[in-house]
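A short write-up of the structure that comes next.
Convention: sequence-line order gives letters A, B, ...; per-chain numbering from 1.
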There are 2 protein chains.
Amino acid sequence: MAQVKNTYQFEDLLEKHQLKKTGARLRVLSMMYAKNTATSQPDLESVMHDIDRVTLYRILNVFEEKGIIHKVFDLNGTANYAVCSSGCHEHHHHDEHLHFNCTACKGVFCLNELSLPSINLPAGFQASGFTLYASGLCPKCSAR
Amino acid sequence: MAQVKNTYQFEDLLEKHQLKKTGARLRVLSMMYAKNTATSQPDLESVMHDIDRVTLYRILNVFEEKGIIHKVFDLNGTANYAVCSSGCHEHHHHDEHLHFNCTACKGVFCLNELSLPSINLPAGFQASGFTLYASGLCPKCSAR
DNA sequence: AATACTAATGCAACATGATTGCATTTACCA
DNA sequence: TGGTAAATGCAATCATGTTGCATTAGTATT
Ligand SMILES: [Mn+2]
Ligand SMILES: [Mn+2]
Ligand SMILES: [Zn+2]
Ligand SMILES: [Zn+2]
């Protein structure tokens, strides 16, 4: 579900992470928090024509470093970014949830409410992170 | 574990899928079957300098269509291809196993022996495929 | 074995996304 | 109201993915 926040809260968020409150960053935040699906850089570019794409690239990078968003690859291998739930901090992400990629609308959904079952790896493998991907139809697309 | 096969078996494999037995295809097959990790197109290019990269691109595509190999994205979002286990057929892949990406050697391992636990999706989501990703250290890299 | 037909390849060209360097502008603190 | 470091814009480059088309090579047929 999209998280509702206002400009003041976005400014607080930037301040908390020692990032300057710029127009570009606030617009990126408001767009990403308004959606319930992950956002790719092309998504941002198609809306914010006046912001250079390198700026968007760097905004996404710094937000990821700070633990504000996390990266998810969709079925095409293109990077999408989703707002982190609680548990993500600077250089320390906790995104071990299910990522659902709709094959119809291409939306990438973070299903935070689903925790991953524990996995027993073969001897020698030492896992530091897990992600479960699913593809299929999202609620909207399956209702048609 | 790497699957050992000889040239005659690769030729049979191509014939079985109604593909012409060309040198480029046989070399790609022998390289991919000799490894126990997935192979990216750049991997192939770095070894087979005499084969055009578009040819390699098309070989990978047709092998994937035929169910000989399947695509896995690594942590950087670049496509890697791994030999399919049994259960993959033309236009019908069964690759619902764990993919382990080593953060040190960058190797992508298909852990076919691990079956995925069953997942209950939220209402409305209709999954047609699952993939579980793990990252960390592979046996070789964790032994150092 | 020579021929004919189709698939496969090589090359050029283009598309898209990722990434860096550097000059200029802007946010923010003293 | 400046001064300073951070943020941005722009140019440029690299990597990967993708298509069109002419040429080459595999294979079935004679
Ligand atoms: Mn997520
Ligand atoms: Mn696999
Ligand atoms: Zn959908
Ligand atoms: Zn390793």
Item to check | Euclidean distance, atom CD of residue B:E45 to atom P of C:dC11 [Å, nearest integer] | outcome: 14 Å
Checklist entry - OP1 or OP2 of C:dA18 sitting under 4.0 Å from any side-chain N/O of A:Y57? => result no
Next on the checklist: Quick check: on DNA chain D, is the nucleotide nearest B:A79 upstream (toward 5') of the one nearest A:D50, or the reverse? Name the residue that is more 5'.
Outcome noted: A:D50
Checklist entry - Does any non-hydrogen side-chain atom of A:Y81 lie less than 4.5 Å from one of A:S40? => result no
Next on the checklist: Measuring centre to centre across the rings, with the benzene-like ring taken for any Trp, is A:Y133 within less than 6.0 Å of B:Y133?
Outcome noted: yes
Checklist outcome for this item: With B for base contact, S for sugar-phosphate-only contact and - for none (protein heavy atoms under 4.0 Å), nucleotides 2-9 of chain C reads ----BSSB
Checklist entry - In whole angstrom, what separates A:H17's NE2 from C:dA27's C1'? => result 19 Å
Checklist entry - Whole-Å distance between C:dT20 P and A:L56 CG? => result 17 Å
Report all side-chain donor-acceptor pairs from residues 97-111 of chain B shorter than 3.5 Å, counting only partners two or more places apart or in another chain.
{"residue": "B:H97", "atom": "ND1", "partner": "B:N112", "partner atom": "OD1", "Å": "3.1"}
{"residue": "B:H97", "atom": "NE2", "partner": "B:H99", "partner atom": "NE2", "Å": "2.9"}
{"residue": "B:N101", "atom": "OD1", "partner": "B:L75", "partner atom": "N", "Å": "2.7"}
{"residue": "B:N101", "atom": "ND2", "partner": "B:K106", "partner atom": "O", "Å": "3.4"}
{"residue": "B:N101", "atom": "ND2", "partner": "B:G107", "partner atom": "O", "Å": "3.3"}
{"residue": "B:T103", "atom": "OG1", "partner": "B:G136", "partner atom": "O", "Å": "3.3"}
{"residue": "B:K106", "atom": "NZ", "partner": "B:T103", "partner atom": "O", "Å": "3.0"}

Item to check | Transitive ILVMFWY side-chain link B:Y57 to B:V47, under 4.5 Å | outcome: no
Checklist entry - Between the main-chain N or O of B:G67 and the side-chain N or O of B:H70, is there a donor-acceptor pair closer than 3.5 Å? => result no
Next on the checklist: Need two values: the first and the last nucleotide of DNA chain D, 5' to 3', having an atom under 4.0 Å from any heavy-atom of chain A.
Outcome noted: D:dA5 to D:dA11
Next on the checklist: Does any part of the side chain of B:V28, heavy atoms only, come nearer than 4.5 Å to the side chain of B:M32, both counted from C-beta?
Outcome noted: yes
Item to check | same_hphob_cluster(B:L56, B:Y33) at 4.5 Å side-chain heavy-atom cutoff | outcome: yes
Checklist entry - Nearest-Å distance, CG (A:L14) to C1' (C:dA27)? => result 12 Å
Item to check | Expected output: side-chain B:R25 to main-chain B:K20 donor-acceptor under 3.5 Å | outcome: yes
